[in-house]
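The next block holds one structure in the form of structure tokens; read it before the comments.
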Amino acid sequence: MNIPFLSLKGITDKYSAEIHEAVSRVVNSGWYLLGEENATFEENYAKYIGTKHAIGCANGLDALIWILRAYMKLGVMAAGDEVIVPANTYIASILAITDNNLVPVLVEPSIATYQIDDSKIEAAITPKTKAIMLVHLYGQCAYTEKIKQICEKYNLKLIEDNAQAHGCLYYGKKTGALGDAAGHSFYPGKNLGALGDGGAVTTDSEELAEIIGAIANYGSSKKYVFKYKGRNSRLDEIQAAVLNVKLKYLDEDNNRRKQIAKKYIEEIKNPNIILPTVVDWNSNVFHIFPIRTGNRNELQAYLANKGIQTLIHYPIPPHKQECYKEWNNLSFPITEQIHREELSLPISPVMSDKDVQFVVDGIFEKCYE
Ligand SMILES: *Cc1c(COP(=O)(O)O)cnc(C)c1O
């Protein structure tokens, strides 16, 4: 048997007829950028997330960069100001901060949830702190009432990195609608993935939406009139058309991910393996199914040998990366422990029950061999 970590082809095949129809429609329309597909997707996605606005852009990293840049244009923050971010996030959250000459302040996650530890945020706040970038890592909601209270108390913007959590709920409200603005990625491997790069910002702020729409289009919201020194960061019509198809099935796809996660949690029983803590089944869309174990590399090799592909999210934490040399001597023990022990099991809406059983059995054999 051969179980890939995630079969992108399998996912595309599932919606093949509708995707081909959508792509052909764009090909035949003769209109490839900032057209009807993009406008429809922005409307559909804003409605889905529950915000007044959604603005398509080129990718998830840009979405986060444009949110911070728009706040700088509005004078909410300036170069040198600080943004709090979880130390164990994917590098893109942090790149978005440094790209704007803002300063990331790394805060440790909780070892139980892998999400930012809200009891450690206040100690990281200084007079220069202007925002918290909350990352719903692995598809699990990171938002808490305490974080909201901290934002209110210190007058901080709450920016969500929702790249891994499309469709995730916090008491009936979607992640991406919990803060002031959110960045979304439609990288093919995400829960809502395009057939290439894509991203979006969601927000209730008309002002922010207007600035971001302009920045992502050369700084212009009126043809040949340039208000900002912008960039070219648009969501193209083909990707928007594909996303309009896949958005309809996002909840169904997420439900399949949850079923698989449930089976893993019920059936992987071993004292050496730490399964994810599920606080609330609505608050996790299982972009990743992370387990932790002391002999991670050995387990990964064993499973690979059986044809089960696993990945590590992520092997090297941001503060140990060469691009952030200035942080290499810092110590974040919980973050480092997660990076040493984490292993991501295959999970996707197109995995069959048989595939899931094969993974469960493979882990069982390894543990009792
Ligand atoms: C994927 C991802 C991004 C970046 O999205 P791209 O579309 O690949 O630029 C940002 N943050 C997190 C947490 C991600 O997983």
Side-chain angles (χ1 to χ4, degrees), residues 5-6 8 41 45 54-69 83-100 102 104 106-107 109 113-116 131-143 158-168 175-176 178-179 181-202 212 215-216 231-236 239-240 242-243 246 254 257 284-290 311-319 321 323-324 335 338-339 342 344 347-348:
F5 179 73
L6 170 71
L8 287 178
F41 178 67
Y45 198 61
I55 309 101
C57 65
N59 55 66
L61 173 58
D62 277 3
L64 296 170
I65 293 175
W66 305 148
I67 292 169
L68 292 166
R69 187 138 328 156
V83 178
I84 289 173
V85 64
N88 62 322
T89 186
Y90 179 59
I91 197 84
S93 327
I94 297 173
L95 289 172
I97 300 169
T98 53
D99 194 74
N100 280 298
L102 295 161
L106 307 180
V107 171
T113 64
Y114 313 133
Q115 309 305 320
I116 195 167
I132 296 175
M133 187 178 289
L134 197 58
V135 184
H136 306 297
L137 200 69
Y138 305 150
Q140 184 172 344
C141 180
Y143 180 88
L158 184 59
I159 298 164
E160 298 174 79
D161 178 342
N162 201 46
Q164 301 190 0
H166 325 77
C168 182
T175 58
L178 300 170
H184 308 253
S185 163
F186 308 122
Y187 173 81
K190 304 286 160 108
N191 287 33
L192 178 59
L195 301 185
D197 277 314
V201 172
T202 52
I212 289 168
I215 293 177
R231 293 280 295 276
N232 178 351
S233 173
R234 299 175 295 219
L235 180 66
D236 71 66
Q239 299 310 334
V242 170
L243 289 166
K246 290 183 76 181
N254 282 342
R257 286 175 181 270
N284 199 329
V285 289
F286 290 96
H287 173 60
I288 297 292
F289 188 91
L311 294 179
I312 296 168
H313 295 91
Y314 299 90
I316 308 169
H319 71 282
Q321 297 288 351
C323 65
Y324 291 120
T335 295
I338 295 169
H339 286 76
E342 196 274 343
S344 306
I347 193 160
S348 89

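Just so we're clear, the structure is a prediction, and the values are computed from it rather than from any experiment. Counting convention: from 1, in listed order, for ligands and their atoms alike.
- Under the 3.5 Å distance criterion, with hydrogens and angles disregarded, no donor-acceptor pair is assigned to the side chains of Thr89 and Tyr314.
- Heavy-atom proximity to Ala163, at under 4.0 Å, picks out these atoms of ligand 1: 2 (C), 3 (C), 10 (C), 11 (N), 12 (C), 14 (C), 15 (O).
- Among protein heavy atoms, atom 15 (O) of ligand 1 sits closest to Gln164 NE2, 2.8 Å.
- Under a 3.5 Å cut-off, the side chain of Thr202 and the backbone N or O of Gly176 do form a donor-acceptor pair.
- Remark: aromatic rings of His313 and Tyr90 are distant, center separation not under 6.0 Å.
- Protein heavy atom nearest atom 10 (C) of ligand 1, with residue, atom name and distance: Ala92 CB, 3.4 Å.
- Residues His136 and Tyr114 keep their aromatic ring centres 6.0 Å or farther apart.
- Residue Asp161 touches ligand 1 through its side chain alone, judged by heavy-atom distances below 4.0 Å.
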| request: Check the pair Ile84, Ile116 against side-chain contact (heavy atoms from CB on, under 4.5 Å), reporting the backbone distance first and the verdict last. | output: CA-CA 10 Å; Ile84 289 173; Ile116 195 167; 4.0 Å; yes

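- Among Gly193, Ala58, Ser185, Ala63, the residue whose heavy atom lies closest to atom 5 (O) of ligand 1 is Ser185.
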| message | Using the rule given for salt bridge (Lys or Arg N to Asp or Glu O under 4.0 Å), can you reason through Arg231 versus Asp62, listing the C-alpha separation, both sets of side-chain angles and the distance that settles it, and then say yes or no? | response | CA-CA 10 Å; Arg231 293 280 295 276; Asp62 277 3; 5.5 Å; no

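- The shortest N/O to N/O separation between Tyr187 and ligand 1 does not fall below 3.5 Å.
- Taking a 4.0 Å cut-off on heavy atoms, Lys190 registers as neighbouring ligand 1.
- Near Asn59, the atoms of ligand 1 lying under 4.0 angstrom from a non-hydrogen atom of the residue are 7 (O), 9 (O).
- Dense packing is recorded around OH of Tyr138, with more than 12 heavy atoms of other residues, nucleotides or ligands lying under 6.0 Å away.
- The N/O atoms of Gly60, backbone and side chain alike, include one that comes under 3.5 Å of an N/O atom in ligand 1.
- Listed by atom number, the atoms of ligand 1 under 4.0 Å from Leu61 heavy atoms are 4 (C), 5 (O), 6 (P), 9 (O).
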